[in-house]
Amino acid sequence: MSDLFDLTGRRVVITGGTSGIGLSAAQAFLEGGARVVISGRSNERGEAALGHLADKGDVWFCAADASDEADAERLAETAKAHMGGVDTIVCAAGINRRGAPQDLSLADWDAVMDSNLRGTFVTARAFYPQLCQSGDGRIVTIGSMMSVLANDMTAPYAAAKGGVVQLTRSLAAAWAGDGIRANCVLPGWVDTPLTRQARLDMPDLDARVRDRTPVGRWATPQDIAGTILFLTTAASRIVTGTAIPVDGGFVMRA
């Protein structure tokens, strides 16, 4: 039974792996015996993340913008050089821009779409050959409960994350014959740098989230990491094309 959750020797790439959910996932993979390459746009944050993870196992950092085709190809080459190939990718890179739709610029829209949706597509496409070669490829994308719910201040983010869900399902359908599974995790309200800024922008947000969430608290990035790992293990070998809410029951409460 323990083999169902064995991650020993898995070769993992995590975009957006220098903070938040991506960084927590990297730590969890390493503690499970996987080897990991993390990426992000900031060298400074990358070095800080390596300092946090270095004693956990084999981990490397590659500076890359997930939405940039050349960067994604370079990340794939770097991962292959370090690990000999890749079995698993976790697409956790993303940003948000808040504001009423009429107040957001096209630059805001494009930035959110590029980081969240384009970045997921570009990354998945860059790693497709290595995932095929592994014979047991796994893709985990990070969506959001904002792909299901509505918020008057996050239109680009909600649209991008809705796109991530449908992109993930399309990848699952298209690549199942190549031995690749693709699934999406839908975090609810998670305590990250992004949502800390949201609580500054919307002072009543913390109380509203706690009141509506049955478990009575915000999720931590570690709470999300467990579901990410599950979707990459043999325990989920028949699970593909799904989007799993990890929200403390937020969405079920009227």
Side-chain angles (χ1 to χ4, degrees), residues 7 10-32 34-54 56-96 111-131 133-134 137-144 160-161 164 167-168 171 180 182-185 187 190 192-194 221 224-225 228-229 231-232:
L7 291 167
R10 296 296 296 185
R11 301 166 298 177
V12 182
V13 169
I14 304 175
T15 65
T18 61
S19 66
I21 291 170
L23 180 59
S24 288
Q27 179 170 327
F29 274 113
L30 290 167
E31 291 173 348
R35 292 176 287 165
V36 178
V37 172
I38 58 173
S39 75
R41 290 180 293 182
S42 167
N43 278 299
E44 182 179 357
R45 289 171 67 176
E47 292 303 319
L50 282 183
H52 176 72
L53 297 171
K56 309 295 183 184
D58 293 332
V59 59
W60 301 269
F61 168 71
C62 177
D65 180 341
S67 67
D68 183 274
E69 187 173 20
D71 276 12
E73 294 292 345
R74 182 168 52 81
L75 174 60
E77 292 168 3
T78 300
K80 189 169 185 178
H82 284 305
M83 301 186 296
V86 173
D87 311 300
T88 299
I89 62 169
V90 178
C91 299
I95 64 169
N96 195 4
V112 174
M113 285 292 172
D114 283 353
S115 182
N116 292 280
L117 183 53
R118 175 188 167 101
T120 298
F121 174 71
V122 169
T123 300
R125 189 179 61 174
F127 280 94
Y128 172 68
Q130 293 187 51
L131 294 172
Q133 290 166 10
S134 79
R138 295 98 188 266
I139 300 171
V140 179
T141 64
I142 305 301
S144 168
K161 290 302 189 180
V164 168
L167 171 60
T168 305
L171 297 179
I180 299 170
N183 292 286
C184 188
V185 175
V190 185
T192 67
L194 279 177
I224 311 303
I228 294 172
L229 264 63
L231 289 171
T232 70

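- The closest side-chain donor-acceptor pair between Thr120 and Thr141, if any, does not fall under 3.5 angstrom.
- What you find for Gly143 and Pro187 is that their closest heavy atoms are O-CD, 3.4 Å.
- Side chain of Ser134 to backbone of Leu131: a donor-acceptor contact under 3.5 angstrom is found.
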Could you please spell out the steps behind the side chain to side chain contact (heavy atoms under 4.5 Å, CB included) verdict for Thr88 and Leu7? CA-CA 11 Å; Thr88 299; Leu7 291 167; over 6 Å; no

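- With rounding to the nearest 0.5 angstrom, the OG1 atom of Thr123 is 9.0 Å from the CG atom of Asp65.
- Nearest approach of Val164 to Thr168, heavy atoms of both residues: O-OG1, 2.7 Å.
- The side chain to side chain donor-acceptor pair (under 3.5 Å) test applied to Glu69 returns Arg125, not counting sequence neighbours.
- Residues Val59 and Leu50 meet the side-chain proximity criterion, which asks for heavy atoms closer than 4.5 Å.
- In this structure, Thr15 and Cys91 approach most closely via the heavy-atom pair OG1-CA, 3.3 Å.
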Could you walk me through whether His82 and Arg35 pass side chain to side chain contact (heavy atoms under 4.5 Å, CB included), step by step? CA-CA 9 Å; His82 284 305; Arg35 292 176 287 165; over 6 Å; no

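- Between Ile14 and Ile228, the closest side-chain pair of non-hydrogen atoms is not below 4.5 Å.
- When all heavy atoms of Ala26 and Leu53 are compared, the closest pair comes out as CB-CD1, 3.9 Å.
- Ser39 places no side-chain N or O within donor-acceptor distance of the main-chain N or O of Ala63, the cut-off being under 3.5 Å.
- Atom CD1 of Ile95 is separated from atom CZ of Arg41 by 6.0 Å, given to the nearest 0.5 angstrom.
- Listed by first and then second residue, the salt bridge (charged side-chain N to carboxylate O under 4.0 Å, His left out) pairs involving residues 74-85 are Asp71-Arg74 (not counting sequence neighbours).
- The shortest side-chain heavy-atom distance between Lys56 and Phe29 does not fall under the 4.5 Å cut-off.
- Residues Pro221 and Leu23 have side chains not in contact (no heavy-atom distance under 4.5 Å, counting atoms from C-beta outward).
- Counting only heavy atoms from C-beta outward, the side chains of Thr78 and Trp60 never approach each other to under 4.5 Å.
- Note that CD of Glu73 and CG of Asp68 are 10.0 Å apart. Values are rounded to the nearest 0.5 Å.
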Run Tyr128 and Leu171 through side chain to side chain contact (heavy atoms under 4.5 Å, CB included) and show every step you take. CA-CA 10 Å; Tyr128 172 68; Leu171 297 179; over 6 Å; no

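- The side-chain heavy atoms of Ile224 and Ser24, taken from C-beta on, include no pair separated by under 4.5 Å.
- With contacts defined as side-chain heavy-atom distances shorter than 4.5 Å, the pair Met83/Asp58 does not qualify.
- Nearest heavy-atom pair, Arg118 versus Ser67, reported as atom, atom and distance to 0.1 Å: NE-O, 2.8 Å.
- The minimum heavy-atom distance linking Phe127 with Ala79 is given by the pair CE2-CB, 4.2 Å.
- At least one donor-acceptor pair under 3.5 Å links the side chain of Gln130 to the backbone N or O of Ala76.
- The main-chain N or O of Ile142 is found under 3.5 Å from a side-chain atom of Lys161 such that the two form a donor-acceptor pair.
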Before giving the answer on side chain to side chain contact (heavy atoms under 4.5 Å, CB included), spell out for Val37 and Leu75 the whole-Å C-alpha distance, their side-chain angles and the decisive distance to 0.1 Å. CA-CA 9 Å; Val37 172; Leu75 174 60; 3.9 Å; yes

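- No side-chain heavy atom of Asn96 sits less than 4.5 Å from a side-chain heavy atom of Asn116.
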